[in-house]
Amino acid sequence: MPELPEVEVVRRGLDRWVSGRVIASVSTLHPRAIRRHAAGADDFAARLTGAEIAAARRRGKYLWLPLADGELAVLAHLGMSGQLLIQPAAAPDERHLRIRITFTDPAEGELRFVDQRTFGGLSLHPLTDGGLPEVIAHIARDPMDAEFDEDAFHAALRRRRTTVKRALLDQSLISGVGNIYADEALWRTRLHYERPTASLTRPRTAELVTHIREVMNEALAQGGTSFDSLYVNVNGESGYFDRSLDAYGREDEPCRRCGTPIRRRPWMNRSSYYCPRCQRPPAAGS
DNA sequence: TATCCGACCTGTTGGC
DNA sequence: TGCCAACAGGTCGGAT
């Protein structure tokens, strides 16, 4: 499940293999893979054909390929199971191949968007003055962004009447964090997922942000987290960070700090993993 | 206005 | 062996 580190691995791969190349054709094999493009897949392809791709960029879990004209960008979200792969043209089609983009230098391979669950997709958008696609203007800066404002994040947490894990998954407050890294950062910070954000002190917020950055940097160094081959880099290779997780996916296994079995609790149609001893639930009514 | 929650989607797993 | 329910979860938009 691609979160920030996995998307960053893909962005780096695209930057290496796609930047500077000129699109020769775009084939859409599944209409759902083209998002928010009312004019349809043919128009999407026509607008991209002949365009040169500039350096790949990312905010949170979104990544985009600006076109060299400086006005438009191809925005990508991998959803749950999306993959952007560089493949030789002769390679057999993947079972869930959704979009194929070829280039004027075919020997360098083609770009394929493969997505089993079709939660992800590509779209085409004008860029704002800041170089951001307009439709993701509401997405907050991520904690790896040099301009991430920790004071503003803390103030926003204090204003909200919600709980800390909900806030971490709210991409308008902090972007790039998904279920896996939220559980990992909360475990490292010894915070229960239902702690009200209004009760967090400034030092606790700082600690939380530090742990988010730490766990993301460690994951990035290992190529990301892959559970079931649904996440791979542009060369189809899995990451190894799943072997280093402390909470997520470790139900009934001993906490690496205190030995207490990790618990899994249903939470918002997904799961939360936590140590019941290190991460005490908030007192009722707090 | 802020917050919550169901729908979308398909492959895998486990229970019967 | 086969069927079915549960599960995985990021984002959007409607409901409260």
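Residue numbers start from 1 in every chain, and the chains themselves are labelled A, B, ... in the order their sequence lines are given, proteins ahead of strands.
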Are OP1 or OP2 of B:dC9 and a side-chain N or O of A:His96 less than 4.0 angstrom apart? no
Length of the CD-C1' vector between A:Glu3 and C:dA8, whole Å: 12 Å
Students often get this wrong, so: under 4.0 angstrom with heavy atoms, is A:His138 touching a base, only sugar-phosphate, or nothing? sugar-phosphate
Rounded to whole Å, please give me the gap between CD in A:Gln116 and P in C:dG10. 15 Å
Thinking salt bridges, do A:Arg188 and A:Glu184 make one under a 4.0 Å N-O criterion? no
To the nearest angstrom, how far is A:Arg98 atom CZ from B:dT10 atom P? 7 Å
Please tell me if A:Arg95 has a side-chain N or O lying less than 4.0 Å from either OP1 or OP2 of B:dT10. no
Decide yes or no on side chain to side chain contact (heavy atoms under 4.5 Å, CB included) for A:Trp64 and A:Leu127, but give the supporting numbers first. CA-CA 10 Å; A:Trp64 64 97; A:Leu127 291 170; 4.1 Å; yes
Taking only N and O in the side chain of A:Arg160, is any of them less than 4.0 Å away from OP1 or OP2 of B:dT3? yes
Check this one for me: any side-chain N or O of A:Arg32 less than 4.0 Å away from OP1 or OP2 of B:dC8? no
Heavy atoms only, 4.0 Å cut-off, all strands: where does A:Arg35 land among base, sugar-phosphate and nothing? nothing
Respond yes when some side-chain nitrogen or oxygen of A:Arg264 is under 4.0 Å from OP1 or OP2 of C:dA8, and no when none is. yes
OP1 or OP2 of C:dT11 sitting under 4.0 Å from any side-chain N/O of A:His77? yes
Using a cut-off of less than 4.0 Å, is there contact between a side-chain N or O of A:Gln171 and OP1 or OP2 of C:dG10? no
Does A:Arg141 make a cation-pi contact with A:Phe148 (under 6.0 Å, within 45 degrees of the axis)? no
If you draw the axis of the six-membered ring of A:Trp187, does the NZ or CZ of A:Arg257 fall within 45° of it and under 6.0 Å from the ring centre? yes
Nucleotide B:dC5, atom P - distance to CG of A:Asp170 in whole Å: 14 Å
Check whether any side-chain nitrogen or oxygen of A:Thr162 sits under 4.0 Å from OP1 or OP2 of B:dC4, and answer yes or no. yes
Mind checking A:Asp115 for me? I need base, sugar-phosphate or nothing, with any heavy atom below 4.0 Å counting as a touch. nothing
How long is the gap from NE2 on A:His138 to CG on A:Leu132, to the nearest 0.5 Å? 10.0 Å
note: A:Asn179, atom CG; C:dG10, atom C1'; distance rounded to Å ~ 10 Å
Reckon A:Ser271 has a side-chain N or O less than 4.0 Å from the OP1 or OP2 of C:dA8? yes
Kindly indicate whether the side chain of A:Arg117 and the base of C:dG10 share any N or O donor-acceptor pair separated by less than 3.5 Å? no
